[in-house]
2 protein chains.
Amino acid sequence: MDIVKRGAAALGAIGTVQKKSAATRERVLDAAARIFREHGYAATTLNDIADAAGLKTASLYYHFGSKEELVEEVLRIGTTLVLEAVKSRLAQLPADASFRDRLKVAVHAHLDTLLSLTDYTSADIRIIGQVPADVRARVWPLREEYGEIWQGLLQFGKQTGAVRTGADLGLMRMLILGTLNYATEWYKPGRKPVSAVAEEATAMILGGIGTAP
Amino acid sequence: MDIVKRGAAALGAIGTVQKKSAATRERVLDAAARIFREHGYAATTLNDIADAAGLKTASLYYHFGSKEELVEEVLRIGTTLVLEAVKSRLAQLPADASFRDRLKVAVHAHLDTLLSLTDYTSADIRIIGQVPADVRARVWPLREEYGEIWQGLLQFGKQTGAVRTGADLGLMRMLILGTLNYATEWYKPGRKPVSAVAEEATAMILGGIGTAP
DNA sequence: GTCTATATAAGGATAGAC
DNA sequence: GTCTATCCTTATATAGAC
């Protein structure tokens, strides 16, 4: 099974025999990611999560110290999954790959992780603005690490002349990630494949919506 | 005072002498928009809103039947403000204005309303995915009305040859609005003027991030 | 119109049995 | 590890005085 598809397990001890505890913990995390993603942080109750994971509310406390601790773990997994996906897909490119090739690959990997693989990254994107400030502060460094991958990519584009000189790369990065992340709000699986969204997004980011030069 | 700046009042009886009731109602709405925007729907309590508006929780029920009714009004005002802003700015253009001019004006109007004028539209964008499903269903037609303005704009672009033929305009519209709407998540007033964000966004949407042809 | 007082329900979290 | 039972707090909403 694809490493990324395994969700929470992907960040755990892969290949080892899992204890019952670890398996339950993973079921709880999977349920939490899905429900947080759907209803938001505050509207999701520990009871909802426990029900979906097949145990009682009080039992959650054996695995997590609090609701905040649980959501923090979901956020961490969500960011890690997309970070690893983009990083590894970029690493597979030949060393002399162009900026356009790199950007295309990064866009596809980001959208695949966000829209089709698991609920963790979409939960992350959708609720990061709703969680208590101290939770957000704790996961922030990890998010910045991800941002730096994109920042580096844009810098490479600028150096190779593929990106407008004089542009504010930080602002550009936020616009690009906004284009991609907002897809969690409107994308409905089944109508269009994720790849179609990724191709249209790549086209717009690289050349705009106008007629190609 | 600018009509748009007046927020809730802009949708009320402008120019007439306001009753005390209407003035209080507006204070409540202003407070609600700000706090919903900051903390999300579920995490915002009626007590928070009442405090900010300078009255007791129970008194809110004189003006609104429930929390749902209150948030629905905030959402309606938020969508109406951006819809009217974009519509009126487009109407001010000369009849023979190009697609590029029209798109630029629409982007600026959208971002101005979203990022600097009031809290209503940003609250709308940030919490629409968190409110109870029946509230969302009731305000949906109004949101679609706004979407149609953009859809018409893109169709005009296609007809005049400014937009790639063969493109899925619905998908394109979602990508563009995503680029703009996601700015509510990261934009911090003070660093960059909204106009700088609007110009960079316009440039990317029209011609991509690359070197201009 | 706004207040105080209160009904009612639900959520996060803990204690202790099994 | 998971359960039942329960504590404590807070939320929406209503009743009725002023």
Side-chain angles (χ1 to χ4, degrees), chain A residues 8-9 12-13 16-33 35-36 38-75 127 130-136 138, chain B residues 8-9 12-13 16-33 35-36 38-75 127 130-135:
Chain A
T16 66
V17 177
Q18 284 196 342
K19 292 170 203 147
K20 181 183 177 192
S21 171
T24 305
R25 186 186 149 93
E26 192 183 322
R27 275 198 346 265
V28 171
L29 284 168
D30 283 353
I35 306 177
F36 279 139
E38 267 173 48
H39 302 299
Y41 175 71
T44 296
T45 70
L46 293 179
N47 197 23
D48 295 337
I49 296 171
D51 271 359
L55 35 70
K56 298 294 176 182
T57 310
S59 308
L60 295 178
Y61 286 88
Y62 174 80
H63 302 277
F64 300 93
S66 65
K67 187 181 181 184
E68 293 199 6
E69 213 176 273
L70 172 54
V71 77
E72 182 175 334
E73 185 69 6
V74 169
L75 297 176
I127 70 179
Q130 305 168 34
V131 298
D134 52 318
V135 172
R136 194 163 43 243
R138 283 195 293 272
Chain B
T16 67
V17 177
Q18 284 195 339
K19 292 170 202 148
K20 182 184 178 193
S21 172
T24 305
R25 187 185 148 93
E26 191 183 323
R27 272 194 355 259
V28 170
L29 283 167
D30 284 352
I35 305 177
F36 279 139
E38 265 173 50
H39 302 299
Y41 175 71
T44 296
T45 71
L46 293 178
N47 195 23
D48 294 337
I49 295 170
D51 271 0
L55 34 70
K56 297 294 176 180
T57 309
S59 308
L60 295 178
Y61 286 86
Y62 175 80
H63 302 278
F64 300 93
S66 65
K67 187 182 180 183
E68 293 198 6
E69 212 176 274
L70 172 55
V71 77
E72 182 175 333
E73 184 70 7
V74 169
L75 296 176
I127 70 178
Q130 306 168 33
V131 298
D134 54 315
V135 173

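We name chains A, B, ... by the order of the sequence lines, and we start the count at 1 in each one. Quick caveat: nothing in here was measured; it's all calculated off a predicted structure.
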Taking the side chain of [X] as its heavy atoms from C-beta onward, which of [options] lies nearest to it?
X       : options               : value
B:Lys67 : D:dA13, C:dC3, C:dG11 : D:dA13
B:Lys56 : C:dG12, D:dC3, C:dC3  : C:dC3
B:Ala58 : C:dA5, D:dT2, C:dA13  : C:dA5

Checklist entry - Are OP1 or OP2 of D:dG1 and a side-chain N or O of A:Thr24 less than 4.0 angstrom apart? => result no
Checklist entry - Within the structure, does a side-chain N or O atom of A:Ser59 lie under 4.0 Å from either OP1 or OP2 of D:dG1? => result no
Check: [X] side chain, [Y] main-chain N or O, donor-acceptor pair, under 3.5 Å:
X       : Y       : answer
A:Lys67 : A:Tyr41 : yes
A:Glu69 : A:Gly65 : yes
A:Asp51 : A:Asp48 : no

Whole angstrom value for the distance that separates [atom2] of [N] from [atom1] of [X]:
X       : N      : atom1 : atom2 : result
A:Leu46 : C:dG12 : CG    : C1'   : 6 Å
A:Leu60 : D:dT4  : CG    : P     : 13 Å
A:Arg25 : D:dT2  : CZ    : C1'   : 17 Å
A:His63 : D:dC3  : NE2   : P     : 9 Å
A:Tyr61 : C:dG16 : OH    : C1'   : 17 Å
A:Phe36 : C:dG11 : CZ    : P     : 13 Å
B:Tyr62 : D:dA17 : OH    : P     : 19 Å
A:Asn47 : C:dA9  : CG    : C1'   : 13 Å

Next on the checklist: So which atom in A:Thr44 and which in A:Ile35 form the shortest heavy-atom distance, rounded to 0.1 Å?
Outcome noted: OG1-O, 3.3 Å
Next on the checklist: Regarding A:Thr57, tell me which of base, sugar-phosphate or nothing describes its non-hydrogen contacts under 4.0 Å with the strands shown.
Outcome noted: nothing
Checklist entry - What residues, two or more places apart in sequence or in another chain, satisfy salt bridge (charged side-chain N to carboxylate O under 4.0 Å, His left out) together with A:Glu73? => result A:Arg25
